Amino acid sequence: MALLKEIRLLETIQLQKINKTLLKNNQKITLLPECSLSVKQGEMLAITGQSGIGKSTLLNIIGCLDEASVGKYHLDGHDITQLPARQKASLRNEQFGFIFQQYLLIRHLSVLENVALTLQYRNRSYQKSLEEAENTLSELGLGDHLQHLPGELSGGQQQRTSLARAIVTNPKILLADEPTGALDDENSHRMMSTLVKINRERNTTIIMVTHDQSMAQYCHRITPIDTLFHHQAA
Amino acid sequence: MKTIYTLLKGIWSQKTRTALTAISTVCAAAILTCLVAFYHASTNWMAREIEQINRTTKIHLHIMPSEHDYEMMTYSDYSAYIQNQFKPYATSVIKLNFSSIQFNPRSGQSDYFEHVNTNWEFAKTFGIHIQEGRFFSRLEHPHNDFVVIGHQVAEKMRVENPNGANDHLVIGNKQYPILGVIQKQDSALFYGRDYVNNTIFTFLNHTTQPRTTIDQVVIQVSNPSDCNRVSEQLNHIMKKNLPNVKYQIDNMGEIAANLQASMSKIRLVFCILGLVSALVAGVNICNSMYAIISERTEEIGIRLAIGASPFQVKQLLTAETGTICLLSTMIGILIGELINSQLIEQLEWDYEWIPAAGLLSFLIINLISLLSCYIPLRKINRINPIAAIQGSK
């Protein structure tokens, strides 16, 4: 708990020479060779690059969904590289919000329950979590779809539900993996405008991976992923 | 309530799997409840039978039928060689081959029925009381023009003819005066059959000659441990004094001992069957849990990604399985009790609701379901959220 409190005060992401080794067909593949990255609080960063280079893997490592094989990960000055699974889960819940390209909503839960779930994992009461989830969904224009199942919504609506789930806990850092990848142009721009608004109003750090340069333009900083690798930097 | 609603939604999302788990749990609980309840009922029945046998432990001497009088035992033989030799015990003789008419209260029809009839000593041995007791006063009664009716037959007559004297019965074209009504008898004395209460005793086989031969001798010993000695003594007497008579001795003490031994075997069989059904349920729940984890990998991944700890996910899945098992077990217990009651009714035993049977099944099945969940759920500790999400695509 002391660690989590301190993390709230400092709030910076620092990755030092990490890489990720995968085993594919009995062959070792190294992604993100000696990748280093620093992100400041309140920054809106777009990481761009071609498919398969490791953008999502990098985002997953930042979001404690995956572990780097080597290197150091500091969150607000604390080394969290080797944090146990339970503490990582707690960190994910307290610090991060996630938006995925495929929305990843739980199919048998209503829109409202999907969003409230994150709060319930923060030990909010069922009723209170529903109230907070309803407020967030209304803010994002989904007030009329609270009881709908995800399958009954359009792609844009599902992505907004996914966004509501990510921001309902008011996270310090929002990680978006190709958030507009499955949306049409209109919904993509609408989504990006909402992200910019969240960044401005809540001072939420947003790290987004995308291959779409027009979406990346919404961010303060655009970083092609290969510039983060050691040999490129050199 | 809301939590239960959410829980049920999760269960409903896995309809087929839930149905399969529920069916296997219902079956296991029903089998287990039925086994425990039936075990209790059967062992109780056997214990009562054994107690009954031990209380009125008897040695039966069966005389084999023969056309020659010198191969039969007469009442005088019985008086001379057996009655006096076994003075400390209650002895009686049984004369077979008297016919009677029996009212069958279930079918409502009358059936001709060959039954055992005997003398006053026999009636005393079995505690049969006669209101107007002339019928059993002699074995070889010369009259054949009267009847003695059982308790239920008298009741039936009173219901059918409430204002009548009910002092005679018409069989065929002949009127038989009713000499007496046998008081209500405990059916346990007659191995669960209340035929004495339903019987009309009369001599339908006309005979003018006094029948002096007897078919059975019953010696009631006070202590079951005396059975073997009495049996040997009886055997010795028969060989020495009535060498021409063919006979067979049934030692009820031995039968009681055999029943006792059977009880242990039955107990073992019931335990094995109970264990097997519990094991089948356990394996099925375990299998279902593995399948649920595989089918819901994406959901588990999402839950972990948005901040659920592995413990919270395990708690949810355990609660879901627990709910299925809890409800299924209760249904299974009801079905088991129902089967058991029907079975006991068919066997004409006394049905008794045994709460311990349901409680035991409930505890065993739910304990097994929790244990069966535990092993597959350990897998969740090793699930990487992203791998889970990507793996399900």
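So you know, we letter chains A, B, ... as the sequences are listed, proteins then strands, and number each from 1. Given the structure is predicted, the values throughout are model-derived calculations rather than measurements.
The line from CG of N114(A) to CD1 of I306(B) is 7.5 Å long, rounded to the nearest 0.5 Å. For the atom pair R92(A) CZ and S309(B) OG, the distance stands at 9.5 Å (nearest 0.5 Å). The distance from atom CG of L104(A) to atom CD of E299(B), rounded to the nearest 0.5 Å, is 12.0 Å. To the nearest 0.5 Å, atoms CG (L316(B)) and CG (L117(A)) are separated by 8.5 Å. In this structure, CD in Q120(A) is found 9.0 Å from CZ in R303(B), a value given to the nearest 0.5 Å.
K72(A) pairs by the salt bridge (Lys or Arg N to Asp or Glu O under 4.0 Å) definition with D79(A), not counting sequence neighbours.
Taking all atoms of both residues into account, the shortest heavy-atom contact from F100(A) to A305(B) is CZ-CB, 4.1 Å.
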Criterion side chain to side chain contact (heavy atoms under 4.5 Å, CB included) on I302(B) and R165(A), from CA distance to verdict: CA-CA 11 Å; I302(B) 294 169; R165(A) 184 180 63 186; 3.5 Å; yes
Pair E298(B)-R107(A), side chain to side chain contact (heavy atoms under 4.5 Å, CB included): steps then yes or no: CA-CA 10 Å; E298(B) 186 194 59; R107(A) 275 166 289 185; 3.4 Å; yes
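The part of N60(A) that comes within reach of chain B is its side chain, from C-beta onward, which places non-hydrogen atoms under 4.5 angstrom from that chain. For a residue to count as touching a neighbouring chain, one of its non-hydrogen atoms must lie under 4.5 Å from one of that chain's; by this rule S110(A) touches chain B with backbone and side chain alike.
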